[in-house]
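Heads up: numbering here begins at 1 and tracks the sequence. Both ligands and their constituent atoms are indexed starting at 1 by order of listing.
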Amino acid sequence: MITRPTHGGNLTWASQVAGSSVIWDFSASINPWGPPASAIAAIQAAIPELIHYPDPNYGALRGAIALHHGLDPAWVFPGNGAAELLTWAAMDLAQESLTALITPAFADYGRACRGAGAALLPCGLDLHSEQRLEDLLPPSALLLNNPHNPTGKLWPVAELLPLIAESPCVVVDEAFMDFLPPGQQQSLIPYLAQFPQLVVLRSLTKFYSLPGLRLGYALAHPDRLAQWRQRRDPWAVNHLAAAVGAVVLEDQEFAQKTWQWLPPAREKLFQGLAGLPGLTPYPGAANFLLVETAVGSDLLQLDLLQTAQVLIRDCLSFPELGDRYFRVAVRTEAENQHLLTALTASLQRLTPNPHVP
Ligand SMILES: Cc1ncc(COP(=O)(O)O)c(C=O)c1O
């Protein structure tokens, strides 16, 4: 038996536990409507070019990302997923004496910071009460995640700006920000010119359902990005990913479809989860929900896999959450209903019956 994974989306492990290759995957927070047809068409059109190295300057890709965000291409650094970019961002954080990190936190922050020698100060988020960021975080370098994985919490720009103004280096991972329509996003991208100490990370993995392609980008001051370029290998983004990135950000039809689907689907799933005994979902702004559970999430995860081939994300890899929480992606109406039906049955099996002595 292979060991329980620490990331969502490990279908090899799940298939082995479920005894089935068909898995209803709620563990990785991926848009159920993708990948967009525009991405597949771009991949097909780019296949003949695989006999060449990618453009080491990624001119077309950087130009498209820059245009999308109203920036100069010199402020754009494409990467092999946001995970690769965390490696380079952590090297900048390592120049500072301490980096405050809100916990629970995405596990890859620890990997990147340990590798770079950046000292992390965990700042525990109180899940049961509202906290002001200025009370939670000291004046230091910051590694932030907005909206926050795994809680789905969204911090308003107005709350972030005073902290950024006082910090020597701020990395903000906005991997899930694109799930909010432009009018509701709390992105720091418009403030890059004002704060040279600011780095914003974006990912195409979640919104465009392309975790296997590997594409993300950093937006930051050109001097910082010039230093990053000297450290990394010359063709970190493959040709197919670069071709997709050059077109997909302008796919308005796909974006609109996602923005229309998510709020009602998330609300319906939230209500369904809140109606189940022993479960307390947290309101979230992204395409996933964190759920507190009276039954151990490890037991629940195994039961769901073995009886309904449903994979939820246990939170054992977030030490602050342990086995009292799990996270689920918001998916299509039919899939969400399958999850709720499976959860109902599993909870009945796993909850001791108070009437039986
Ligand atoms: C908050 C957060 N940032 C970044 C990533 C990694 O994104 P990518 O696939 O672009 O490396 C993840 C993946 O789970 C994530 O949850």
Using residues 161-170 as the side-chain source, report each donor-acceptor pair under 3.5 Å to any protein atom, sequence neighbours left out, with the distance given to one decimal.
residue	atom	partner	partner atom	Å
S167	OG	S140	O	2.8
S167	OG	C169	N	3.3
S167	OG	C169	O	3.1

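Applying the 4.0 Å criterion to heavy atoms of D173 picks out, from ligand 1, the atoms 1 (C), 2 (C), 3 (N), 4 (C). Taking every non-hydrogen atom of S203 and a distance limit under 4.0 Å, the qualifying atoms of ligand 1 come out as 7 (O), 8 (P), 10 (O). Close approach of ligand 1 to G81 (heavy-atom distance below 4.0 Å) involves ligand atoms 10 (O), 11 (O). Remark: ligand 1 atoms within the under-4.0 Å shell around heavy atoms of A175 are 2 (C), 3 (N), 4 (C). Near N145, with a cut-off below 4.0 Å to any heavy atom, the atoms of ligand 1 are 1 (C). Numbered from 1 in the order shown, with element, the atoms of ligand 1 that lie under 4.0 Å from a heavy atom of Y109 read 1 (C).
Residue-level proximity to ligand 1 for R214 is carried by the side chain, the only part with a heavy atom below 4.0 angstrom. Proximity of A83 to ligand 1, defined as any heavy-atom pair under 4.0 Å, is shared by backbone and side chain alike.
Annotation: N149 places an N or O atom under 3.5 Å from an N or O atom of ligand 1; distance criterion only. Polar contact with ligand 1: present for A82 (N/O pair, distance under 3.5 Å).
Under the rule for a side chain to side chain donor-acceptor pair (under 3.5 Å), D178 has no partner lying at least two apart in sequence or in another chain.
With ring centers used as reference points, F106 lies 6.0 Å or more from F318.
The local environment of CD in Q252 is crowded, with over 12 non-hydrogen atoms from other residues, nucleotides or ligands closer than 6.0 Å.
Within the structure, ligand 1 lacks H148 among the residues with a heavy atom less than 4.0 angstrom away.
A cation-pi arrangement is present between R327 and F288, with the terminal nitrogen or guanidinium carbon under 6.0 Å from the aromatic centre and inside a 45° cone about the axis.
For the side-chain contact (heavy atoms from CB on, under 4.5 Å) criterion with V310, the lone passing option out of L343, L304, L305, V328 is L304.
Between W24 and H338, the angle of the ring planes stays under 30°, which puts this pair in the parallel group of the 30/60° scheme. Ring pair Y325/Y282 is tilted by interplanar angle, where 30° to 60° counts as tilted.
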